[in-house]
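Sequence positions, counted from 1, serve as the residue numbers for this chain.
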Amino acid sequence: MLLNRTETLLMNNPVRAALQRQVEARMFESLGGTVRGKACLEVGCGRGEGVEIIFERFGAARVDAFDLDPKMVALARQRLAGRGRSVRLWQGSVTAIDAPSGGYAAVFDFGIVHHVPDWRRALSEMYRVLEPGGRLYAEEVLAGFLASPLWSRVLDHPKEDRFDAITFAEALTATGFELRQVRTLWNRFAWFVADRPVS
């Protein structure tokens, strides 16, 4: 689902960008390493900050990315115009990714799946587009945060079938992923690294 006005402001400001670079990306790198010279996908790219991180911190050769909100895709196009053919951007949904099966060495989710009503379908799609041996980096906001009285009034998220870290990890395994690492923070936020098996 699209972000409401409040969350759009929260997700598109210098504080959020600093957290994404200094906390989320560092956690991903410590748990799953880099992807030097590889083709990667970011789901829910927003204004393109994550794409830059995937290039600069993780060493990707090419990054494809999409967002449900066409306004965010336009902002990302402006931000990433200098990267030429190494970036492909489009408007789309994580439950029906417009990309071939097995096309990416890594998929990055900087806090997108908790916005998706059919989040298990999103996991299946991310699994599908990973090559055998490919890696998923997923940072997610957990049900405990979303259900808090303040945030549930301010932010607009699906209410049914939300996940905690255990539920999300179990869903990754049920999808076919091999779970490599999980880290949680206050039972409100979590980072997951999981691989699509080679065979």
Side-chain angles (χ1 to χ4, degrees), residues 1-5 7-13 16-17 20-21 24-25 28 32 34-141 155-158 172 175-177 192-194 196:
M1 61 189 301
L2 292 172
L3 304 184
N4 68 17
R5 182 176 174 80
E7 193 159 13
T8 298
L9 293 172
L10 288 172
M11 294 299 102
N12 293 284
N13 65 73
R16 165 64 177 152
Q20 198 170 358
R21 287 180 178 276
E24 296 168 28
F28 277 160
T34 62
V35 290
R36 302 219 173 269
K38 305 288 186 178
C40 300
L41 174 71
E42 185 189 6
V43 300
C45 64
R47 63 186 184 146
E49 187 81 30
V51 172
E52 288 185 336
I53 291 168
I54 296 165
F55 277 119
E56 295 165 8
R57 188 171 196 104
F58 292 88
R62 190 183 95 236
V63 181
D64 290 353
F66 63 87
D67 199 281
L68 191 60
D69 188 341
K71 293 176 185 174
M72 291 296 104
V73 175
L75 289 174
R77 281 200 174 105
Q78 290 174 1
R79 181 187 199 100
L80 301 165
R83 293 210 177 257
R85 292 185 181 179
S86 64
V87 174
R88 180 173 78 96
L89 300 167
W90 71 93
Q91 189 273 331
S93 170
V94 71
T95 59
I97 298 173
D98 184 16
S101 299
Y104 301 102
V107 173
F108 287 81
D109 156 29
F110 287 100
I112 296 306
V113 173
H114 69 278
H115 294 283
V116 180
D118 190 1
W119 60 273
R120 289 178 179 84
R121 177 68 182 155
L123 297 186
S124 294
E125 276 292 276
M126 291 189 288
Y127 183 90
R128 179 184 67 78
V129 300
L130 276 170
E131 64 187 29
R135 178 155 288 178
L136 172 67
Y137 298 80
E139 178 266 327
E140 279 303 326
V141 179
L155 305 178
D156 188 17
H157 291 94
L172 286 170
T175 302
F177 285 102
F192 305 84
V193 172
R196 177 173 176 168

Next on the checklist: Looking at every non-hydrogen atom in both residues, tell me the closest pair between Ala99 and Arg88 and how far apart they are.
Outcome noted: CB-NH2, 4.4 Å

Checklist entry - Ignoring hydrogens and geometry, is there a side-chain-to-backbone donor-acceptor pair from Arg196 to Leu130 under 3.5 Å? => result yes

Checklist entry - With no hydrogens and no angle check, do the side chains of Tyr104 and Asp64 hold a donor and an acceptor under 3.5 Å apart? => result yes

Checklist outcome for this item: So CD1 of Ile54 and NZ of Lys38: to nearest 0.5 Å the spacing works out to 15.5 Å

Next on the checklist: Tell me the closest heavy-atom pair linking Ile97 and Arg128, and the distance in Å.
Outcome noted: O-NH2, 2.9 Å

Checklist entry - On the ring face of Phe55, is Arg83 found with NZ or CZ under 6.0 Å from the centre and within 45° of the axis? => result yes

Next on the checklist: Closer than 3.5 angstrom, by distance alone: can the side chain of Glu125 be matched with the main-chain N or O of Val94 as a donor-acceptor pair?
Outcome noted: no

Next on the checklist: Ring centroids only, cut at 6.0 angstrom: are Phe58 and Phe108 within range, meaning strictly under it?
Outcome noted: yes

Item to check | Glu52 vs Leu80 side-chain heavy atoms within contact, under 4.5 Å | outcome: yes

Next on the checklist: Quick check: do Phe66 and Val73 have side-chain heavy atoms less than 4.5 Å from each other?
Outcome noted: no

Checklist entry - Would Val87 and Arg62 satisfy side-chain contact (heavy atoms from CB on, under 4.5 Å), going step by step from the backbone distance to the final call? => result CA-CA 6 Å; Val87 174; Arg62 190 183 95 236; over 6 Å; no

Checklist entry - Do Phe110 and Phe28 have ring centres separated by under 6.0 Å? => result yes

Checklist entry - Taking the side chain as C-beta and beyond, is there a heavy-atom pair between Arg135 and Val193 under 4.5 Å? => result yes

Checklist entry - Does Glu139 use its side chain to pair, donor to acceptor, with the backbone of Glu24 at less than 3.5 Å? => result no

Checklist entry - Just how far is it from atom CD of Glu49 to atom CG of Leu75, taken to the nearest 0.5 Å? => result 12.0 Å

Checklist entry - For Glu140 and Asp109, which heavy atoms make the closest approach, and how far apart are they? => result OE2-OD2, 2.5 Å

Next on the checklist: Quick one: does any side-chain atom of Tyr137 pair with a main-chain N or O of Gly32 as donor and acceptor, under 3.5 Å?
Outcome noted: yes

Checklist entry - Any side-chain heavy atom of Asp67 sitting closer than 4.5 Å to one from Gln91? => result no

Checklist outcome for this item: What one should report as the nearest heavy-atom pair of Leu123 and Phe177 is O-CE1, 3.8 Å

Checklist outcome for this item: Tightest non-hydrogen contact, residues Arg57 and Arg21, listed as NH1-O, 4.0 Å

Checklist outcome for this item: Heavy-atom closest pair (Met126 atom, Val107 atom, distance to 0.1 Å) is SD-CG1, 3.8 Å

Next on the checklist: Counting C-beta onward and ignoring hydrogens, is there a side-chain heavy-atom pair between Leu136 and Phe192 closer than 4.5 Å?
Outcome noted: no

